[in-house]
Each structure stands twice: as C-alpha cells, then as structure tokens.
Amino acid sequence: MPNHNAEISRIFNQVADLLEISDANPFRVRAYRKAARIVDDQSKSMADILEDGENLTRLPGIGDDLAEKIAEIVETGGLKLLEELKKKVPGDLSNLLKIAQLGPKRVAILHKELDIDNLDDLAEAARQKRIRDLKGFGEKLEKKILEDLKRQAEAETRVKLADVEQIVDSLQKYLEGIEGVKQVAVAGSYRRCKETVGDLDILVTARQGCAVMDYFTGYADVDTVLNKGRTKSSIRLRDGLQVDLRVVPEASYGAALYYFTGSKEHNIAVRKIAIGKGLKINEYGVFRGKGDDAERVAGASEQEVFEAVGLAYIEPELRENRGEIEAAQKGRLPELIVRDDLRGDLHAHTKATDGHASLPEMVEAARSLGYSYLAITEHSRAVTVARGLDRKRLEQQIEEIDKLSERYPGFRILKGIEVDILKDGSLDLPDAVLKKLDLTVCSIHSHFELSSHRQTERIIRAMDNPHFNIFGHPSGRLINERDAYQVDMEKIIKSAKERGCFLELNAHPDRLDLNDIHCRMAREAGVKVAISTDAHSAQGLQNMKYGIYQARRGWLSKGDVINTRKVADLLKLLHR
Ligand code: DGT
Ligand code: CA
Ligand code: CA
Ligand code: ZN
C-alpha cells in the first residue's frame, strides 16, 4: 500500500499527462497537477491523515473528488481513472514524455498531425524530417529529439564500466571456484576497458567432464537462461546485463581470448594481414594450409597469435583498428601509462563546498594512496548549489592549507580552485586571488546550449587569462545522461597548446571526459593531460583507475600526463 505521498503525487501527474495528451479540459489537468504538488509538499502522509479521521478536503486545492481519489490510492494502491486513461490514450504515447523536449501538448500534436503512437513512430518521423514543419517544432527541436532518442536507446542497452565491474568480480570468483575450472577470462569491450559495456564475454578452460554450464546457468543472479549449450551459453542477469560464456580447449585459449576481446573492426583488419601471409586466423588458432591438412601454428596464448601474424603485442585498450596495427608492424606502439606512474591528484573538493570529507581527511586519503601531492580545487561562487567559494572564503582556505601543510613535510597540498568559466569567457574570481594559487582547474557548469562557435570562443577567451591552467571535464558530457556541449575540440586543443594550458581527463566513471579520441588528439598535438578524479570524498580518490583506463584507450604515455611529474617539475609546467 503506498503511504508515500510521492507515489500519490506521481499517479496524479501521470493522470494529468494523459488528460493533457487526450486534450481534456485544461482546468481539470491543472487541478491534478496542483494536487500532485500539494500532496508532495505535505509532511504528514495521506494514509496517516486518513487514519486519524481527518478530512483531506481541508488541504488547499483538494475537493471532494480529489479527496476520494487519494483515499482510493491509499486503500487499493492504484487508481481506476489512470488505468482507464491508459486504455483510452492510443499506443504508447505516454512513453513519448520520456523525451526531454516533449510535453503532453507536443505529444498530442504529434499524434494528431502525424499519427505518431510510440517511440518508433517518433524516430521514423524525425528521420524523415516530418516533425520540423509542425507548428511550434522546427528543425532544431527535431534534431534534439533524434539525439535524445539515440541516447535513450544506448542508455537502455549499455552499462557504465564501473557498474559492470562489481558484477564481473563476483561472477568471476564464482566461476573460478568451480571444481575443475582452470582459467577464467573476461574478454570483449570489458577487457578493452570501454567506458560502457554492451554485454560480457567470458571464456573458460576446464577439465574434461566439468559441469561448467550447469554452474553458470545456475548462478544466483540469473534472471533468464537465454540459451544453454555444451560450449556456449548465455544468461541475462537480474539487472538486465547479458553474459555469454564459452568453454574453449586449452590449445585455443589464446586465440579465443584474442578473438573475443575484439574489437570486431580490429579482428577484421588483422585477419586480412593473416590472409596476406597465407594464414587463417579464427577463435581456434592461427592455421597454415587448408581443410583437414591445416596446421595450427599458434593458439594457446595471445602472444603466440601476435607473433604468428608478425605483430608486436597490442594492449587490449588499443584494439579498435585506429592505427594500432600499423604501429605494431612498425614497432611504434606507445608505452601506455599505468596507475603507478601517477604522483598525485589535481582535482578534489572538500566540505568547504560540496565535498563530504574535511581537508585533513582528503589529505590523509591521498597520502595513503601513495601520492606526494593533492590539489584542493573547490567550486567558485557561480556554482551556488555547491556553495562555491568567493574571494574571502578562498583566502581563508589558503591559510588553512598553509597551516595544515606544516604537519606534512614531504607531501604537498596544492592550492587550487575549480573556477567557473562564465558565459563571456571571463573567470569567476579576480586575478588578484587566482595568482595566489598553485593551479586552477577552469570548468563550464552553465550555458551548455551555446553554439559550437560561441562555446569555443568562450573557452579560448578564458584560456587567454594567464591564470588558466587545466580545462576541467572539457566536453561536459555525462555518460548515458547528457551529451557533450557543442565545441570545436580541435581548436580548443590548438589554443591550449599555444597558451600552455592543459586538458583534464576527469576520471569520474560518469564523466570520463576527455574521451579516448580526444585524449589521442591532445597527445598528437603535444598538449599534456591531467588525469584527475574530481573527488568529493576520500573514496572518490579511488576512481583514478577509470581515468587510467580511458587514458590508455587514448594512447597516453607517462610523459603525456602532468601528474606523473614530481611536484617541482609540475609547478614549473603550471607556471605560464
Ligand atoms: P559490446 O558488447 O557491444 O560492448 O562490445 P564487444 O566488443 O564486447 O562486442 P560483442 O560482445 O558483440 O563481441 C565480442 C567480441 O567478439 C568482439 O569484440 C569481437 C568478436 N566478434 C563478434 N562478432 C564478430 C564478427 O562478426 N567478426 C569478428 N572478426 N569478430 C567478432
Ligand atoms: Ca561484449
Ligand atoms: Ca557478446
Ligand atoms: Zn566541475
């Protein structure tokens, strides 16, 4: 029984949506919306009010009819009216409301004018450019609808790497614990450390007669067994993720690991090379000759497979067919950065703004990770929701850091700020205080809507300020939630190079911003990157590993990253 007012409020809002889509009397629509708000605002639950024998009509905006509806929801957990409306409204029109740009009015128009019943119809109409001509819609809105549809489709099928990691850990331990199982490896996009994963691809070698598949399909978190065979089975876990498991012979283990690590594009390109050498490569091995006479020349280890086709070993993160194969042929693969190359973290918040740990707690946490420096970079005043620092409070923090630093010889607490880049490209704090800091992270937290040209100009203007050091989370995207703002990243990188600025690779698993492609662009342009966690707690500092994954996918070496430097060298780099 829902005694949560929020649930009642949600039902009323749904009723209002459906009424509005079906063109009902606007007063009735408004009455439900208002009731939803009023119920949500009450500190006492509707169930308790009724239980105490009080009359709901004493609440503002609640007449006899709405009072009855509330009582119905409290008693039955549902509302007949809502069910009736759902039947009356055609197709899946209420699903259309999930698109950020669409309210009930627009949904009603789409249905009436273009006969759109569901998200598929909507996508088709948008692709056929039929939406732009509707009154009050336009080309821009049509484009936004398409983008939102695409992002939603992806968000429903791809899971963020950090969320998959825990699932993998327990599943892998479970499989390794099975009597007779020898090797367990997770291949696919997960092994390539992609920021999101479509499904998991697991390989196992086992002793003859080992009932791996029975164990696999009997795993506690299984929702559905999609198929079960002798060498391949697939399950869907309760949280929706699909897992494919393959049992492979030991002689093919390396070839299978290589094949199922992908990417598909990489595999196809390497297969061509193999053919050119008179070899055949597949998930069982590398073979010379044809049919029954074919001789397996490699397969037990990945190393063997690479050697057989004449390539140096390519790290999984690079296997995207983006030039890694040519680099491997020429012996020009980058030596990828590893977590231990880092000496500090250059973006962290404390309780002074929206962090959850105190300054000393953050410093202790950074020290226990083996770092020799940590930059404290609070929000600036424009970020009011985070109680961003003004000049006075920043100066107080500077003093606090100076005092605390005396307790930590050999560890450097760097004085910084995550200063907002304002709409006109100026920085949110005066130069007079910025110049007292060791570094600035300069970020955009507003006006995401600017055109690419204006957004790019805004950022370059900010970089003109000699106190600008690191461009924070440069694209502003939130994985599966918010697209990047429009910006000419090539121009940004070039401008950073000219001015001695750096780009952040924000390691938060929801951001991973710069993405892999832009990391690579920065490296090739000679612009160095700071891999930073943007930690808001001691635990948050642990997210560094995700930044390292992304950096490796972006071909970054130790030398490309500024927080691999000793503090003295770092400070030299930061001095423009
Ligand atoms: P995902 O699951 O969408 O995040 O991406 P992947 O890369 O894990 O792709 P998935 O699960 O469809 O397949 C796993 C690997 O199997 C893939 O990375 C390469 C290999 N693979 C799948 N299909 C093909 C194919 O048609 N040709 C070749 N050469 N390899 C394939
Ligand atoms: Ca996969
Ligand atoms: Ca798969
Ligand atoms: Zn930020």
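Scope of the values below: all heavy atoms of this structure, side chains included, with no hydrogens, waters or symmetry mates. Owing to the predicted nature of the structure, the values given are computational and were not obtained by experimental measurement.
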**Item:** Member of Thr440, Thr353, Asp428 meeting the side chain to side chain donor-acceptor pair (under 3.5 Å) criterion with Ser380
**Value:**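 Of the listed options, the one satisfying the test is Asp428.
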
**Asked** salt bridge (Lys or Arg N to Asp or Glu O under 4.0 Å) with Lys228: which residues, sequence neighbours excluded?
**Response**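 Testing Lys228 for salt bridge (Lys or Arg N to Asp or Glu O under 4.0 Å), a comparison that skips the adjacent residues, returns Asp214.
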
**Request:** Only counting residues at least two apart or in another chain, list the ones meeting salt bridge (Lys or Arg N to Asp or Glu O under 4.0 Å) with Arg319.
**Result:**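 Per chain and number, Arg319 pairs via salt bridge (Lys or Arg N to Asp or Glu O under 4.0 Å) with Glu302.
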
**Message:** Quick one about Asp488 and Ser452 (side-chain donor to acceptor, distance below 3.5 Å, no hydrogens or angles considered), yes or no?
**Reply:**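 The criterion, which ignores hydrogens and geometry beyond distance, is not satisfied for Asp488 and Ser452.
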
**Message:** Could you tell me if His356 and Gln539 have a donor-acceptor pair between their side chains, going purely by distance under 3.5 Å?
**Reply:**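 No, no side-chain donor-acceptor pair sits under 3.5 Å.
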
**Request:** Kindly check if the number of other-residue, nucleotide or ligand heavy atoms within 6.0 Å of CD (Glu449) is above 12?
**Result:**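 Counting neighbours around CD of Glu449, more than 12 heavy atoms of other residues, nucleotides or ligands fall under 6.0 Å, so yes.
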
**Item:** Qualifying salt bridge (charged side-chain N to carboxylate O under 4.0 Å, His left out) pairs, either residue in residues 454-464, two or more places apart
**Value:**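 Matches after skipping sequence neighbours: Glu457-Lys491, Asp464-Arg499.
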
**Item:** salt bridge (charged side-chain N to carboxylate O under 4.0 Å, His left out) pairs, two or more places apart, involving residues 20-47
**Value:**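 Non-adjacent pairs meeting salt bridge (charged side-chain N to carboxylate O under 4.0 Å, His left out): Asp17-Arg33, Glu20-Arg33, Glu20-Lys105, Lys44-Asp52, Lys44-Glu54.
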
**Asked** Atom CD of Glu378 and atom CG of Leu394: how far apart are they, to the nearest 0.5 Å?
**Response**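 The CG atom of Leu394 is 9.0 Å from CD of Glu378, to the nearest 0.5 Å.
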
**Item:** Rounded distance (nearest 0.5 Å) linking atom NE2 of His349 with atom OG of Ser537
**Value:**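 One gets 11.0 Å once the value is rounded to the nearest 0.5 Å.
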
**Item:** Residues that Tyr174 engages under ring pair (Phe, Tyr, Trp, His ring centres under 6.0 Å), provided they are two or more places apart
**Value:**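 Per chain and number, Tyr174 pairs via ring pair (Phe, Tyr, Trp, His ring centres under 6.0 Å) with Tyr219.
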
**Test ring pair (Phe, Tyr, Trp, His ring centres under 6.0 Å) applied to Tyr259 - qualifying residues, sequence neighbours left out** =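 Counting only residues at least two positions away or on another chain, Tyr259 forms no ring pair (Phe, Tyr, Trp, His ring centres under 6.0 Å).
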
**Message:** Minimum heavy-atom separation for Arg511 and Asp534, please, with both atom names.
**Reply:**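 Nearest pair, atom of Arg511 first, then Asp534: NE-OD2, 4.0 Å.
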
**Message:** So does Thr57 get a backbone contact from the side chain of Asn55, meaning a donor-acceptor N/O pair under 3.5 Å?
**Reply:**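 Pair found, side chain donor or acceptor close to backbone of Thr57.
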
**Asked** Under the criterion salt bridge (charged side-chain N to carboxylate O under 4.0 Å, His left out), which of Lys160, Arg553, Arg477 is the partner of Glu195?
**Response**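 Between Glu195 and the candidates, salt bridge (charged side-chain N to carboxylate O under 4.0 Å, His left out) is satisfied uniquely by Arg477.
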
**Request:** Please work out whether the ring planes of His379 and His536 are parallel, tilted or perpendicular, with thresholds of 30° and 60°.
**Result:**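 It falls in the tilted class, 30° to 60°.
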
**Asked** Centre of Trp555's six-membered ring, under 6.0 Å away, within 45 degrees of the axis: is that where NZ or CZ of Arg520 sits?
**Response**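 Yes, Arg520 sits over the ring of Trp555.
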
